[in-house]
Amino acid sequence: MSQRSDIITIDGPSGSGKSTLSRLLAAELGYTYLDTGAMYRAVGLQVKNRRIDLKDDRSLNELLTGLELELLPGGGDSVVILNGRDVSRAIRSAEMGMMASRVSGKSLVRERLTALQRQMAARGRVVAEGRDTGTVVFPTARCKFFLEAAAEERARRRTEQLRQQGMSADYDDILAQIKKRDADDSGRKLAPLQPAADALLIDCTKMDIPAVLNLMLSRVSAAAG
Ligand code: DC
C-alpha cells in the first residue's frame, strides 16, 4: 500500500501536548486539524444526555446512525457541532473525558467514528490527533508521531488548562483520572493506545512546545524530500 503524505498522525495519552502541537503543526503546514478525541467526547455527551446504557447495543446503534458531527476550525479547540448544536464547551469537562474513554471501548462507536474520520480526511490534507490515528485509522500515513510525558506533568498541564478556561480543577483528581484513563485506553482490546511501529516517539516531559514543533517540522520535511 502506498504511503500518504497528505495525512500526519499524532497519538499519545491525554495531556501529552497532542492538541496544542496538532493545531500548531496544522497551521504551519496549511493542513486541517482533525481532533478525533472531540468526536469520542461528543458521542459520550450524547450517551449521557440520552441516558443510554452502554450494554444496550440497539440504542447505541440508533444514536450512531443518527449522529451528525461536524468539526469546524476555531481559534483554539475545534468548534464541535453535534446534531446542529454547538457542544464545544460541554465536551471539554473532565467528566466528558471519562465518558469518551468509556464509549471508546465499544466497537460500534469505533467503527462509526473511524469511518467518519476517513471521510473527513478525504476532503483535504489533515493532521489527525488521537489514540489510534497512526495504528488503525490512517495506517498508511507517511508521518506519524507518538507523544509521551510523565503522568504528573500531564496532570499539572491539564489542571492549568482547565483553570484557564474558567473551569474548576483539582490536581489530585486530575492525576487520578489521567492514570485511570491511561490504563483504560492502553489496556482495551480494541485499538489500544500504542505507538505505531513507524511512529517517531517524542518524550515531551521536559521539552517545550516550540522544540517539539521544530522536531516535527523537520521530520515532515525530511519525509517529503
Ligand atoms: O484526546 P481526548 O482527551 O479528547 O480523548 C478523550 C478520550 O477519547 C480518550 O480517553 C480515549 C478516547 N479516544 C480514543 O479512544 N481514540 C481516539 N482516536 C481519540 C480519543
Side-chain angles (χ1 to χ4, degrees), residues 7-23 26 33-48 54 60 64 67 69 71 74 76-80 82 87-121 126-139 141 144-149 151 154-155 157-159 161-162 165 167 169 173-196 199 204:
I7 296 176
I8 294 169
T9 63
I10 305 184
D11 292 310
S14 67
S16 56
K18 293 185 310 286
S19 307
T20 306
L21 282 153
S22 304
R23 265 199 304 269
Y33 166 45
L34 176 54
D35 179 359
T36 65
M39 299 168 77
Y40 285 92
R41 285 169 182 263
V43 171
L45 180 67
Q46 190 85 313
V47 164
K48 182 186 172 217
L54 283 181
L60 191 58
L64 292 167
L67 186 74
L69 205 46
L71 297 187
D77 287 329
S78 305
V79 173
V80 181
L82 172 66
V87 295
S88 315
R89 199 174 157 78
I91 61 167
R92 290 293 157 200
S93 65
E95 185 199 358
M96 279 312 121
M98 298 306 280
M99 274 306 288
S101 189
R102 282 184 59 211
V103 300
S104 71
K106 299 289 295 182
S107 58
L108 281 174
V109 175
R110 297 212 77 86
E111 279 162 25
R112 176 83 172 104
L113 292 191
T114 296
L116 260 178
Q117 287 153 19
R118 290 180 179 151
Q119 268 172 31
M120 288 173 171
V126 297
V127 174
E129 179 225 317
R131 302 293 187 287
D132 64 340
T133 63
T135 48
V136 176
V137 190
F138 303 116
K144 300 179 185 177
F145 299 98
F146 191 90
L147 305 188
E148 295 171 310
R154 290 187 278 129
R157 291 179 193 164
R158 185 51 62 103
T159 308
Q161 186 188 36
L162 286 170
Q165 290 167 356
M167 299 192 205
D173 287 351
I174 290 182
L175 179 60
Q177 281 168 3
I178 277 185
K179 287 186 174 169
K180 168 147 182 32
R181 233 168 1 125
D182 282 359
D184 291 349
D185 293 347
S186 311
R188 68 172 178 237
K189 286 203 196 82
L190 223 51
L193 169 66
Q194 60 179 31
C204 305

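Both ligands and their constituent atoms are indexed starting at 1 by order of listing.
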Distance-only N or O hit between ligand 1 and Arg181, under 3.5 Å: yes
From Gln117, Arg131, Met99, Arg158 - option closest to atom 17 (C) of ligand 1 by heavy atom: Arg131
Sub-4.0 Å heavy-atom approach of Arg188 to ligand 1: yes
Spatial distance of atom CZ (Phe145) from atom OG1 (Thr9) [nearest 0.5 Å]: 8.0 Å
Over all atoms of both residues, closest heavy-atom pair of Pro13 and Leu147: CD-O, 3.1 Å
Atoms of ligand 1 close to Gly37 [distance to a heavy atom under 4.0 angstrom, numbered from 1]: 4 (O), 5 (O), 19 (C), 20 (C)
Atoms in ligand 1 flagged as close to Ser101, the criterion being non-hydrogen separation under 4.0 Å: 7 (C), 10 (O)
Structural part of Arg41 in contact with ligand 1, heavy atom criterion under 4.0 angstrom: side chain
Test item: side-chain donor near acceptor, Ser104 and Arg188, under 3.5 Å: yes
Residue of the set Thr133, Val126, Ile10, Leu34 for which side-chain contact (heavy atoms from CB on, under 4.5 Å) holds with Ser22: Ile10
Least distance between heavy atoms, Leu162 atom then Arg92 atom: CD2-O, 3.8 Å
Arg110 touching ligand 1 at heavy-atom level, < 4.0 angstrom: yes
Heavy-atom pair of closest approach, residues Ser88 and Val79: OG-CA, 3.4 Å
Test: Arg23 and Asp77 ion pair at under 4.0 Å: yes
Taking atom 19 (C) of ligand 1 as the reference point, the nearest protein heavy atom with its distance: Thr36 OG1, 3.4 Å
Shortest protein contact, atom 7 (C) of ligand 1 (heavy atom only): Ala100 CB, 3.5 Å
Closest approach of Gln194 to Phe146 (non-hydrogen atoms, all atoms of both residues): C-CE1, 3.6 Å
Numbered atoms of ligand 1 (with element) below 4.0 Å of Gly130, judged on heavy atoms: 18 (N), 19 (C)
Identity and separation of the nearest protein heavy atom to atom 18 (N) of ligand 1: Asp132 OD1, 2.8 Å
For Asp185, the ligand 1 atoms whose distance to one of its heavy atoms is below 4.0 Å: 9 (C), 10 (O), 11 (C)
